[in-house]
Protein chains: 2
Amino acid sequence: MSETDIPDIVIRRLPLYARELGLLAGEGRDFISSQELGQRLGVTPAQIRKDLSYFGRFGKRGRGYEVVGLRERLRTILGLNGRVKEMVLVGVGRLGRAVLGYAGFRRGGFEVVRVFDSDPRQIGQEVDNHRVADVATLPEYLQRTRVAMGIVAVPAEAAPSVIDMLVSGGVRAILSYAPVTTSVPRGVHLRQIDPVMELESMAYYLEAPFDGYVEDHP
Amino acid sequence: MSETDIPDIVIRRLPLYARELGLLAGEGRDFISSQELGQRLGVTPAQIRKDLSYFGRFGKRGRGYEVVGLRERLRTILGLNGRVKEMVLVGVGRLGRAVLGYAGFRRGGFEVVRVFDSDPRQIGQEVDNHRVADVATLPEYLQRTRVAMGIVAVPAEAAPSVIDMLVSGGVRAILSYAPVTTSVPRGVHLRQIDPVMELESMAYYLEAPFDGYVEDHP
DNA sequence: CACTGTGAACTTATTCACAGCT
DNA sequence: AGCTGTGAATAAGTTCACAGTG
């Protein structure tokens, strides 16, 4: 059972489960059934059980899942129980600074270890305890350190070339905030966060603001 | 053909198409085939054609799609060609301020029209040209203005109650940055942005950092 | 006996493949 | 000739339903 035969959509739900189990642990809860966990997450119990079954048998029949234990298992599966995951950040404009200051990364076990920018006015500045490095030094840095994750917070125009640099440098997981599609080789994982696209798609449901868009159907 | 029989997954791709068409228009491109558009977006041409066919026949056989025209059509379908979409923002901590300062919303035709917080130290302050209002006044404000979209940038603990207030006030599209699952009634659309979850799921692919997670399989 | 784990059934989504236009 | 638009075929994902078990 190699990791690649597990659907990505399943992998993406694991952090959701882990997150909720963390909350449950905080509430002092010992066991939880797929039924109740599903209710809290808006997911069917069968889906949770099926998802977990890709990785093993973690439940106790008649009892459910041990909250802390399952959370640990999931974090181990995700590779999150080793040391902090180091990331580079490219772009320290408004957005990059917000990312750098976001405490959630640190709390989740991710840490920005070096920040880069191409703007001469930024390079050399101190931002949130990081000296901003010239993006020209990024390849050398990646070569040397083998950092495997990167965050892209540069304008759309700059994003493709930045992403190329990251990929060439061996970065295999990239989170991009730039509103542009960029292709990456197989084996490299790129996730985009674009709040505007989320809003745009929700706008569709606000009302039928148009009528007869099918008027030219035969 | 009511809007509700179009799969949500199709609706979510429309902004992606519209975004790319905007870029193409900027490049002065007149027509594009589903083939080439698909290549640029990492989507199959058949998928693009099928998606568009839910709404009408927008292409010219032998030529492809008229770039500006299709973009306008898509934006109209999404309800984005009317006036600016007004939103409330709840939470003006670090994250909320970053959201407020993000120029992409304005560019995309979305505007934060009022900001709220529960922290007495924030209430009354001026943030990015907005006077921060007490979240206690949110219900009254929604009642009066009928603003239909909201952004939630409060800590996880506070998010469920804030989301409830928005829903009660008639907000039907909510973008939440809080790392917590909250259920909303049918008809209300909630999208969550959680960069940590994205990173966590990508971490899985970084390497097989574990071996034998199936050791207790039969 | 209340739950999990899981094949089988079903549903949804994607891709194929080609007729039909321009 | 080169593309779209679309039913039909295929693939992927979800849910059912129930045997098995602590």
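- For A:Y17 and C:dT4, the OH to P distance is 13 Å, given to the nearest whole Å.
- Results of the side chain to side chain contact (heavy atoms under 4.5 Å, CB included) test with A:V171 over A:L138, A:L190, A:L166 single out A:L166 as the only residue that passes.
- Rounding to whole angstrom units, OH of residue A:Y65 and C1' of C:dA2 are separated by 13 Å.
- Between D:dT4 and B:S34, a contact under 4.0 Å exists linking OP1 or OP2 to a side-chain N or O.
- When the ring pair (Phe, Tyr, Trp, His ring centres under 6.0 Å) test is applied to A:Y65, no partner is found at least two apart in sequence or on another chain.
- Residues satisfying the side chain to side chain contact (heavy atoms under 4.5 Å, CB included) test with A:A156, not counting sequence neighbours, are A:P179, A:V180.
- The only option from A:R191, A:R75, A:R107 that meets the salt bridge (charged side-chain N to carboxylate O under 4.0 Å, His left out) definition with B:E200 turns out to be A:R75.
- Taking atom CD of B:Q47 as the reference point, atom C1' of C:dT15 lies 9 Å away to the nearest angstrom.
- Both the sub-6.0 Å distance and the 45° axial angle are satisfied by B:R63 relative to the ring of B:F31.
- Sequence neighbours left out, the pairs with a member in residues 144-201 of chain B that pass ring-ring contact (aromatic ring centres under 6.0 Å, His included) are A:Y205-B:H189.
- Distance, B:R57 CZ to C:dA19 P: 17 Å, rounded to whole Å.
- Between C:dT4 and A:R49, a contact under 4.0 Å exists linking OP1 or OP2 to a side-chain N or O.
- By the ring pair (Phe, Tyr, Trp, His ring centres under 6.0 Å) test, B:Y141 pairs with B:F116, sequence neighbours left out.
- Of the side-chain N and O atoms in A:S33, none sit less than 4.0 angstrom from OP1 or OP2 of C:dC3.
- Note on residues 155-175 of chain B: no pairs pass salt bridge (Lys or Arg N to Asp or Glu O under 4.0 Å), not counting sequence neighbours.
- Taking for each of A:A46 and A:I9 the nucleotide of DNA chain D with the nearest heavy atom, the 5'-most of the two is the partner of A:I9.
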Pairs: protein N or O with nucleotides 20-22 of chain D N or O, under 3.5 Å:
{"from": "D:dG20", "atom 1": "N2", "to": "A:R61", "atom 2": "NH1", "distance (Å)": "3.3"}
{"from": "D:dG20", "atom 1": "N3", "to": "A:R61", "atom 2": "NH1", "distance (Å)": "3.0"}

Heteroatom pairs (N/O) under 3.5 angstrom, protein to nucleotides 8-12 of chain C:
none

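- If you take CG of B:D51 and P of C:dT15, they are 10 Å apart, rounded to a whole angstrom.
- Here salt bridge (Lys or Arg N to Asp or Glu O under 4.0 Å) pairs that include residues 34-46 of chain B, with residues two or more places apart or in two chains, are B:E20-B:R40, B:E27-B:R40, B:R29-B:E36.
- Overall, the helix from C:dC1-D:dG22 to C:dT22-D:dA1 carries an axis bend of 10° between its ends, with five pairs at each end and the value rounded to 10°.
- Among pairs with a residue in residues 69-98 of chain B, none fulfils ring-ring contact (aromatic ring centres under 6.0 Å, His included), at least two apart in sequence or across chains.
- For the pair B:R12 and C:dA13, the criterion of a side-chain N or O lying under 4.0 Å from OP1 or OP2 is not met.
- Between A:L41 atom CG and D:dT14 atom C1' there is a gap of 16 Å when expressed in whole angstrom units.
- Remark: P of C:dG5 and OH of A:Y54 are 14 Å apart, rounded to the nearest angstrom.
- Every pair passing side-chain hydrogen bond (donor to acceptor under 3.5 Å, both in side chains) that includes a residue from residues 92-104 of chain B is listed here, sequence neighbours excluded: B:R97-B:Q122.
- Atom CD in B:Q35 sits about 19 Å away from atom P in D:dA1, given to the nearest Å.
- For B:R49, the salt bridge (charged side-chain N to carboxylate O under 4.0 Å, His left out) test picks out no residue, with sequence neighbours left out.
- When each of A:R13 and B:I32 is assigned the nucleotide of DNA chain D bearing its nearest heavy atom, the one mapping closer to the 5' terminus is B:I32.
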